[in-house]
Amino acid sequence: MSQSHLNAVHEYLKHLHASDTAALIAAFEDDGVVHSPFLGTMNAPDFFRKLAQASSKSVITLIDLFVSMQPVEDIVRVAAYFHYDWTLSDGRLVDFTCVDVFSFRPDSHRISSMHIVYDTFPLRERVGDKYAPTRVG
């Protein structure tokens with residue numbers, strides 16, 4: 001693990017806070033993936049474009065960072081524990097704590113995969129399926 005991996009996570013959170021879709025996509029390897037409780041496994045560009053469609057604002061408050069002490073061979077992991085105040089595109093505010101687990105190849109500062117971990121039950125109860133297509137008439 002190097003400081004560059006921690007810096008990459010800090011930059012990712014800054015881009016998420018700014019709702020900067022292009023920068024979020026660029027933070028990932030070309031073959032990078034996101035594992036989401038709501039959307040399943042998706043390539044990073046598709047995931048962040050869907051997130052942008054569902055969102056109007058994000059406020060990220062970092063609580064802590066964790067670094068893998070026994071990384072699997074050829075993988076470096078950093079976990080970010082943060083509070084997410086998320087304004088949906090319809091104006092509703094959803095807030096929750098979340099852990100994103102980032103995996104890196106040791107020779108790269110770009111994210112190879114990210115697992116999003118949070119309790120979906122309270123969110124689904126409050127907002128339903130925010131990714132469902134809008135039904136017309």
key: Side-chain (Ser112) to main-chain (Ser103) donor-acceptor, under 3.5 angstrom   = yes
request  = Would you check if the side chain of His17 reaches a backbone N or O of Ile60 as a donor-acceptor pair within less than 3.5 Å?
outcome  = yes
message = Please verify the inter-ring angle class for Tyr118 with Phe38; under 30° counts as parallel, over 60° as perpendicular, anything in between as tilted.
response = tilted
query = Val117 and Ile63: same hydrophobic cluster, using ILVMFWY side-chain contacts below 4.5 Å?
reply = yes
Any donor-acceptor N or O pair under 3.5 Å, side chains Gln53, Ser89 = no
task = For residues Trp86 and Leu93, determine if any side-chain heavy atom of one lies less than 4.5 Å from a side-chain heavy atom of the other.
result = no
message = To the closest 0.5 Å, what do you measure between CD1 (Ile75) and CZ (Arg105)?
response = 9.5 Å
request  = Can you see which heavy atom on Cys98 is nearest to which on Asp100, and at what distance?
outcome  = SG-OD1, 3.3 Å
message = Does Val33 form a side-chain contact (heavy atoms from CB on, under 4.5 Å) with His35? I'd like the steps, not just the answer.
response = CA-CA 7 Å; Val33 295; His35 306 276; 3.6 Å; yes
inquiry  = With a 4.5 Å cut-off on side-chain heavy-atom distances among I, L, V, M, F, W and Y, is there a chain of contacts connecting Ile111 to Val67?
reply    = yes
query = Once the angle between the rings of Phe28 and Phe48 is folded into 0 to 90°, is it parallel (under 30°), tilted (30 to 60°) or perpendicular (over 60°)?
reply = tilted
request  = First locate atom OG1 of Thr97, then atom NE2 of His83, and finally report the distance between them rounded to the nearest 0.5 Å.
outcome  = 7.5 Å
For the student: nearest non-hydrogen atoms of Leu16 and Ser58, plus distance = O-CB, 3.4 Å
ask   = Same cluster or not: are Val76 and Val99 linked, directly or through other Ile, Leu, Val, Met, Phe, Trp or Tyr residues, by side-chain heavy atoms under 4.5 angstrom apart?
value = no
query = How far does CG of Asp85 sit from CZ of Phe96, to the nearest 0.5 angstrom?
reply = 9.0 Å
ask   = With no hydrogens and no angle check, do the side chains of Gln3 and Asn7 hold a donor and an acceptor under 3.5 Å apart?
value = yes
inquiry  = When you measure from the side chain of His15 to the backbone of Ala22, do you find a donor-acceptor pair of N or O atoms at a distance under 3.5 Å?
reply    = no
key: Shortest non-hydrogen contact between Phe104 and His109, atoms and distance   = CE2-O, 3.4 Å
ask   = Has the side chain of Ser56 got a donor or acceptor atom that lies under 3.5 Å from a matching backbone atom of Leu88?
value = yes
message = Run the ring pair (Phe, Tyr, Trp, His ring centres under 6.0 Å) test against His10 and tell me which residues pass, sequence neighbours left out.
response = none
note = OG1 (Thr87) and CG (Asp95) are apart, to the nearest 0.5 Å, by 10.0 Å
key: Sidechain-backbone polar pair: Arg77 side chain, Val101 backbone, donor-acceptor under 3.5 Å   = no
inquiry  = So for atom OH, which belongs to Tyr81, do other residues, nucleotides or ligands contribute more than 12 heavy atoms lying within a distance under 6.0 Å?
reply    = no
query = About how many Å separate CG of Leu24 and OG1 of Thr21, when rounded to the nearest 0.5 Å?
reply = 6.0 Å
key: Minimal non-hydrogen separation, Val34 against Ile116, with atom names   = CG1-CD1, 3.7 Å
request  = Quick one: list whatever passes salt bridge (Lys or Arg N to Asp or Glu O under 4.0 Å) with Asp90, sequence neighbours left out.
outcome  = Arg92
ask   = Do Tyr84 and Leu62 sit in the same hydrophobic cluster, where Ile, Leu, Val, Met, Phe, Trp and Tyr count as joined when their side-chain heavy atoms come under 4.5 Å apart?
value = yes
task = Determine yes or no for a side-chain-to-main-chain donor-acceptor pair under 3.5 angstrom, with Ser55 supplying the side chain and Lys57 the backbone.
result = no
query = Is it true that Met114 and Ile25 fall in one hydrophobic cluster, defined by side-chain heavy atoms closer than 4.5 Å?
reply = yes
request  = Indicate yes or no: at least one non-hydrogen side-chain atom of Asp30 is less than 4.5 angstrom from one of Arg110.
outcome  = yes
query = Are the side chains of Met42 and Lys50 in touch, meaning some heavy atoms are under 4.5 Å apart?
reply = yes
key: Within-4.5 Å side-chain heavy-atom neighbours: Leu6 and Phe102   = no
Asp20 bridged to Lys14 by N-O distance under 4.0 Å = no
